[in-house]
Amino acid sequence: MNEIGLSHILIVSTALFFIGVYGFLTRRNMITMLMSVELILNAVNINFVAFNHYLYPDKLEGIFFTIFIITIAAAEAAVAIAIIIGLYRNYKSVDVDDADQMKH
Amino acid sequence: MLSGKYIALIPLLPLASFFLLGLFGRRMKGAAGMLGTASILVSAMLSFYVAYQYFFVYGQADGVYRQITALKYTWLPFSENISIDMGILLDPISVMMIVVVTFVSLMVHIYSLGYMKGEERFSVFYAFLSLFTFSMLGLVLACNLFQIYIFWELVGVSSFLLIGFYYDKPSAVAASKKAFIVTRFADLGFLIGILILAFYGETLDFPTLIQRLTDPASSQLIGITTAGFLGVSALTWGLVLVFMGGAGKSAMFPLHIWLPDAMEGPTPVSALIHAATMVVAGVFLVARLFPVFAISCPVALDVVAYVGAFSALLAALIACTQTDIKRVLAYSTMSQIGYMMFALGVSGYYAEGGLGYTASMFHLFTHAMFKALLFLGAGAVIHYVHSNDMLDMGGLRKHMPVTHITFLVACLAIAGIPPFAGFFSKEEILTAAFHSDKTVFYVALVTAGITSFYMFRLFFSIFWNKEYRPHGAHHHHGEAPFSMLAPLLILGLCSVAAGFVPFGNYVSADGSPLHTEMHWDFSMLPIGVALAGILAAMLMYRKASEVPHRLSNAMRSAYHWSYNKFYIDEIYLFVTKKIIFNLLGRPAAWIDRNVVDGLVNTTAVVTENFSEAIRGMQSGKAQGYAIWFFTGVIGFALLFIYLWM
Amino acid sequence: MDFFILMKSELILTVIIFILLILKIGEGIRDNAALMHIANGLLLLNFIAGFFMNREGALFSGMFVTNDVLSLEKNILNFGTLLVSLQAFDWLKNHKHLLEFYLLLLSTLLGMFFMISSQNFLMFYLGLELSAIPLAALVNFDLERPRSSEAAFKMIISSAFASAISLFGISLLYGTTGTLDFAYMADYLHGSELQLFAFIMVFAGFAFKLSAVPFHLWTADVYEGAPAPVTAYLSVISKAAMVFVLITVLGGLFRDLEGMWYNVLYLSIIVTIVVGNLFAIRQQNIKRFLAFSSITQVGYILLGLSAGNETGFSSAIYFLIVYLFSNLAAFGVVTLVSAATGKEGIDDYKGFYSTNPMLALVMALALFSLAGIPPTAGFFGKMFLVTAGAGKGNYLLIAIAALNMVVSLYYYLRVVKAMFVDKSESPIAKLEGSLMSGLSLAICMAGIIVTGFVSGLFEYIVSLFIKV
Amino acid sequence: MSASTVIFYILSAAILGGALLAVTSRKIFRAAIYLLFSLLGIAGLYFYLNYEFIAAVQIVVYVGGIVVLIIFSIFLTHEAGADMPRPGRGRMLFSALAAAFALILTLMLINRQEFYPSQGAPVEASVKNIGTQMLSLTEHGYILPFEAVSILLLAAMIGCIVIAIKTRTKA
Amino acid sequence: MILHILIHVPLVTALVLLLLRDPRQVRLAALLGSALQLVISLVLLWGYRAERKAGNTAQMLFESMHEWYPSLGINYHVGVDGIAVAMILLTAIVVLCGILFSWNVQQQPKEFFFLIVFLSAGAYGFFISLDLFLMFFFLELAVIPKYLLIAIWGSGKKVYSANKLALMLMGGSALVLVGLLGMYYSAGNTFDLMKIAEAGIPPGLQSLLFPMIFIGFGVFTAMFPFHTWAPDGHSSAPTAASMFLAGISMKLGGYGCLRVATYLMPEAAQQYSWLIIVLASIAILYGAFATMMQKDLKYINAYSSVSHCGFVLLGIGMLTTTAVAGAIMQMVSHGLMTALFFAAIGMIYERTHTRQVGELGGLLKTLPFISVVIFIAGLCSLGLPGLSGFVAEMTVFVGSWQNPGAFHRTATIIGCASIVVTAVYILRALGASVMGPIRNEGYLRLQDAAWNEKLASAILILAILAIGFAPFWLTDLVMPDSQLIMNKIIGGVSP
């Protein structure tokens, strides 16, 4: 299983990262934006795990970081969704472009 | 004794009078005039005393009149050797001048007691007169080139204040402004001249300066003659510029335009300032620096001569056609000062060569008497007629006999008829010119003829000619009160007697007595010319006739040029209105509002527009923000990883 | 024992959180005012405790570090929170979720404490999120106002994105150095291109929190939408915490990359100051206006940091104290006005001086302090920042910064003009603030006036830095 | 090409494909499902790297928690069936280009980076090890983050409740 | 010690003002405070002269120094030389008179007097500071009160003017700040003026910093082309503020140009002197010509101030002892004269409600006292001997002329020429407004100056006369110090 090098995994994670970014920048639904954030976070997770696995297996820092990121992602998603739903009650829309009362 | 302490009182008394009258004069009412007169009286007495002491007791050393610095305080130190000092310098001309100034001033003070009686601003008038007298005395006593400038400005402002005395008359206001601004312009030259002389002479002190600039071996003289600008030496520049200041104050062409207008002031003022004293300050200034002019810089002296001669002729020509009696007198003043100037201009320094100098000073002296007399007489006439225009006059000899006689005396004096004062001084001037510069001599001779013509034109128009018919119903007191007549009589006396003073004994270029003799053979020509002028005037104006009218029609264009003062005023008007205001002032104001200030405002507008332009960045849409964020990261990355390392 | 002393601020704060939680669950006290007094009292306690037994030390293998400077920083944050809490009195006294407010507020404060004490990216990240996520909920605390939820959404989504991007940077840093510990990581940061890229991503996260341009765009909207005390908290406390982290990070972790980060800061300073100013001059809402003004202030703080030495860091901390007083004074007035009348437009402040002279004076002094006008402390603060920033000899930067003070004066004067010069048909009526907000304003005023003249504070900070 | 390589490519395809579809699909519900696939793929990757615990956490938290949360919220916002609005063409183009550019840039930078593996003995990422370290006070202990994150969760919970209460009272 | 009192009296007065409620008490307190300040200034003058007579040759007298921010090298370091004493005296006189002229302010008197007193504190502080930080502190201290005074109590387009003034002055001080920081680091982390002077600044750096500092201070002194705040600001400001602005505030700039820019950076001063001279010459002549076209009395005086402050810069740029002394004297003289001018305009405006030259006329008849006052101010402005303007201008001219070379000569002649233009515009303005026939019958019922106005005018006129009649005491005061500055400039040049 060692023939898959670190670089392959990094390519996957980086690609995933920018796919997430792309989604975040283009999705107009708030919930899908949130989903894009999750993709980005997962890309980061892959990075941490991969680095830990391939380069620094003597400690578990990457692994722990990943665990905490997952936890925080959950908390963040929960709060975000609560806010989005609250917003939805007010604006009757989850289109991000509709929430632009405050600008300039 | 020639102690500076009491000599200083001569100018300081009028100054004190000025402050007292200025601060408390309103409450004094009539007493104000008495106070002013009293102070000047004391000054005059002191002056006479000083003159006596100087000329007869202390002034001479080894037969030469010395320059005595009686008092000197450092007033404003500029640098180690250049400072403005306040002091008193006694020499023949300054002593002569204080006598003239205090005497004429005293006469005018007395005269004004009657003339200005009942004026609302009576005390102010006396305050200003005192200010003027103080300034003029300070000017003539100055021991320092800059001191003279200071008092020069002060007499200017006194003149301004007095010309504008009737401040609610727009013409008076205009005239006072004109007088001040024209002389200011001339003073610009004076100031720069002072700067040049001070820089190279390394002193402002008169005796030292003159000594340095006349000693061919002095480093200062070498410095100032070798330095130059536009091919003319710095000394010439300096002296010519100083003369420019003198020319402005003395109403020499082309800076004379203010003088006729200055007649808007009360007549006693015209007599004092614009006839007897202030206007001769220019002559005095040249005389003060005469050694430098004569010894080191004849070129500058030539300038003085030609400007003087030309002014004398020009003024005489203009005077022939003016109808305002004070203006006629003003032009005559200008003309006579022209005489004094060119007399200085043609003079040499040593011994007999210095005849012009003596003559000039002599003429200054006699002119002060008879011109003051003329003005005061004219004032009496105006006081009686309530008009300046000679067309409103005529036949006044019956109404005002004293004035008539004294005026005649003055006219004869100015025309140069013996034995009146003017004859002697003019005689000397013509002699000096004859020996030095023939052109100037002929100009002077012609001018003498014209002078007597227009003076008698004036005389006859006022006192003879048609019968006097007061316009309007209101009439009138008799001849002027005693306070006005007394000065007329005294001055009339002086106009006769002054000519007999052996002037050359006391005042000469190099200080040693100069013996002058009458050359009757030479005098015949000028006397003849003067008599011819009188005769012509008598023929034309003794009786009301058509002759003058026909003559003016016959020489229409010449008449118009003369009547319109050769259009010099119009040229000035063009320069000031069109060039200074429209080409400099207006653009400057416009540029300031629109370009310079516009830039400031544009900065603000640009900032605001820029702020408006980037408002789209803050679109209110969260995704837009994220795009900026991401672009920012990428941009920073590119910039800092690839470009800026 | 060390553990208790070194972590005393965090521990006390945690205890406070739990006391409040118990109060919430027990529903023992229903009087809002009393609860607030309790909370404020406890915060005050923590503030006082922060002055004693400060020691230098590290716990949990460097995940938690403390020293005198960090203790001071925490105390500043604690004090600011106390002031905000005092100011919130009028707004909160009838609010249903008072204790929740405090719980969330204090957890964010705790997060900041962790964040500035961390010497490890993991703890840093946790502190960051702990200070960010509850804040989003706080922003949403004006439950009836749609703008409040819009602001909360913008905040959470932007901060999620920002922290995700900086996490990617952290992961790359981890990948290139093999550690999350600042102390070790610094030894392996030599400025390879990937590390620089990672640094920029991490920096973007910092800049986002600091509202440095172009990562600032959420700021104005969130400030406008959030309840005024929360805005105050956001603009002062959370920003200050981030600056403190930046001090640690720039001076420690990234010290070898100084050549790099100086340039990054250079550019950020210029665009932050300029763009913040340009936006501020055309704002009509006072909170939005203060948002952009605070963006500009960040530019100046970064200018001080860019010096990268003790002077720079001390002056940044000093400025933050001053800024805390000034901005909280301004927000204190804004809170009062908006709680009483709901008015938030600059034009609403016309004639304010005629009806509320004291408040107008407070506001004016606060704005002058923000503008850096003597004799307010803001002048000193800004001068020190600029002085420190000039240490690198970059006069262009200093000139731009100095000239932008002119622009900022323009918009501060707009508000002053509205309050003092303009007349209004219907000025804001005479306001009766509570004692608490009055107290907080008085403290702020005293701070604005005294902090500059009394050099002790600044010298104290410098001495702490020298000691560390 | 060994089996492991094949598995890796399959997993990568699942991850990236799922992610791509999740960010482009116009049906929001489908997008959520694609996301689920992607997340599962990542869990697979963790398995592939022998990190069973992480994989488990990934599945439990993401698949069991977040995705479910997302799906719930999709239902709550009544948009499950409808097509989502298209993003603006300009924005899409710009984002795609920017993302692609950044991807290339990043990959290039990663490619040029030299990594230095540590020489120490590997620690097994077993549940036991992770558990011990998580609650350990000593070197390599993660008790502090653990406590911090628990407060975070508490705060998040309170925040959610506050915001949710409002919806309840309104409803 | 006396300097501490000097700086604390206005501050204490300001505080007292805040505590008082009755407007009468307020103005009385302000008056007493400023009168006390004048007394202190006179005592300072006396003390200074006594010290000098006793042979104290230290550059700065009454020096005192306390550490303030030692880690940044910032000290509370104060001291005065003759120049500073002269400026302090000027400030005391103008402030006292400004308060007297504002005696009847109706609108918010408390705030008004507070701001005036506060402003004066800034000016005093500025002049006594020997630490550049302190100096800068006081420089900026005065900006906001000016803004408020104009914006609240002003007339016309007051907000625009106030904004322009505040922003341009801030811009100036921003430039100053940059320069100061450069010096700070170059001299080894100190803001101390004397230490910086001692340490010297490398010429290369000087040529970078000098323009910044000079232009920065130049803005304050209305140097062309950064003068446009002056006309608008002066004309919109209330009387006392105009007096302060033109009388003192503009002098801060001149003082700074001299004390900070020129003194500390001698090489650069020489390097840039031509530029200063060019700008000053432009300001002198251009300001004068622009004045000619103004119709509003305040604008006339404001533009003429631009022209007159040009003399200050000309004197500084000429770099001779005499010229520098002249520049300082011009500052004092212009401060007094322009304050008097603005006061007179204010008195006229208060009565006639117009400042347009065309609408006034014949005031000499109805308002003799005020007319005389404005006349004296005008005559001083056009440089009449016996009044202060002459003394100062002549010193500048003589000093300027000491430079050989056509360039300096031309500039001097331009300066001299402006006195003619000055005469033109002053006489035009006065001729039309004070002299001439009465244009408005209503003016016949006007009340002439009240006691406070008479007193204040008298004080200012006395001061003007004191310089005009006896300039030597002022020269004694400033000449040795200008000599010192010049010695540094000439001595500082590497051969």
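These values consider heavy atoms only, across backbone and side chains, with no hydrogens, waters or symmetry-generated copies. Letters go in sequence order (proteins before strands), and every chain restarts at 1.
Of the listed residues (E:Thr291, E:Val391, E:Asn163, E:Leu285), the greatest number of heavy-atom pairs within a distance under 4.5 Å of chain B belongs to E:Val391. Contact tally against chain B (heavy-atom pairs below 4.5 Å) for E:Arg428, E:Gln402, E:Met479, E:Met168: the top residue is E:Arg428. Heavy-atom pairs under 4.5 Å with chain E were tallied for B:Thr603, B:Leu599, B:Ile196; the largest tally goes to B:Ile196. Options E:Leu427, E:Val420, E:Thr322 differ in how many heavy-atom pairs under 4.5 Å they form with chain B, and the most are formed by E:Leu427. Most heavy-atom pairs under 4.5 Å with chain E, from the set B:Leu188, B:Leu191, B:Leu195: that is B:Leu195. Across E:Gly436, E:Pro368, E:Ala290, E:Ala423, the residue that shares the most heavy-atom pairs under 4.5 angstrom with chain B is E:Gly436. Contacts with chain B were tallied for E:Pro471, E:Gly361, E:Pro437; E:Pro471 has the most, counting heavy-atom pairs under 4.5 Å. Contacts with chain B were tallied for E:Leu379, E:Thr321, E:Ile419; E:Ile419 has the most, counting heavy-atom pairs under 4.5 Å. The greatest number of non-hydrogen atom pairs below 4.5 Å with chain E, out of B:Gly189, B:Ala589, B:Gly156, B:Ala604, is found for B:Ala589.
Proximity to chain E (any heavy atom under 4.5 Å) is shown, for B:Lys169, by neither the backbone nor the side chain. Heavy atoms closer than 4.5 Å to chain E are found in the backbone of B:Thr74, but not in its side chain. In this structure, the portion of E:Lys164 lying under 4.5 Å from any heavy atom of chain B is its side chain and not its backbone. Heavy-atom distances place no part of E:Tyr425 under 4.5 Å from chain B, backbone and side chain included. With a threshold of 4.5 angstrom between heavy atoms, B:Asp187 does not approach chain E through any atom at all. Heavy-atom distances place both the backbone and the side chain of E:Tyr286 under 4.5 Å from chain B. For a residue to count as touching a neighbouring chain, one of its non-hydrogen atoms must lie under 4.5 Å from one of that chain's; by this rule E:Phe369 does not touch chain B. Only the side chain of E:Gln294 comes within contact range of chain B, with at least one heavy atom under 4.5 Å from a heavy atom of that chain. With a 4.5 Å cut-off on non-hydrogen atoms, B:Phe146 touches chain E through its side chain but not through its backbone. Proximity to chain E is limited to the side chain of B:Phe160, based on heavy atoms less than 4.5 angstrom apart. Both the backbone and the side chain of E:Met394 come within contact range of chain B, each with at least one heavy atom under 4.5 Å from a heavy atom of that chain. For a residue to count as touching a neighbouring chain, one of its non-hydrogen atoms must lie under 4.5 Å from one of that chain's; by this rule B:Val600 touches chain E with the side chain only. For a residue to count as touching a neighbouring chain, one of its non-hydrogen atoms must lie under 4.5 Å from one of that chain's; by this rule E:Phe375 touches chain B with the side chain only.
With values rounded to the nearest 0.5 angstrom, E:Thr228 atom OG1 is found 7.0 Å from B:Asn601 atom CG. Interatomic distance, CZ of B:Phe180 versus CG of E:Leu384, reported as 6.0 Å (0.5 Å rounding). Rounding to the nearest 0.5 Å places CZ of B:Arg184 at 7.5 Å from OG1 of E:Thr422.
Heavy atoms only, all atoms of each residue included: E:Met293 and B:Arg586 are closest at CG-N, 3.5 Å. Of all the heavy atoms in B:Leu154 and E:Pro385, the pair that sits closest is CD2-O, 3.4 Å. Residues B:Ser176 and E:Met435 share a closest heavy-atom pair of OG-CE, 4.2 Å.
Near-neighbour residues of residues 130-141 of chain B relative to chain E, defined by a heavy atom under 4.5 Å from a heavy atom of that chain, are none.
By the 30° and 60° cut-offs, the orientation of the rings of B:Trp75 relative to E:Phe390 is tilted.
By the 4.5 Å heavy-atom criterion applied to side chains, E:Val424 and B:Phe581 are counted as neighbours. Put simply, the side chain of E:Leu364 does not reach to within 4.5 Å of the side chain of B:Asp168, judged on heavy atoms.
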Run the side-chain donor-acceptor check on residues 403-417 of chain E: report pairs under 3.5 Å with partners two or more places apart or on a different chain.
from, atom 1, to, atom 2, distance (Å)
E:Asn403, ND2, E:Met318, O, 2.8
E:Arg409, NE, E:Asn403, O, 3.4
E:Arg409, NH2, E:Trp401, O, 3.0
E:Arg409, NH2, E:Asn403, O, 3.4
E:Thr410, OG1, E:Ala406, O, 2.5
E:Thr412, OG1, E:His408, O, 2.6

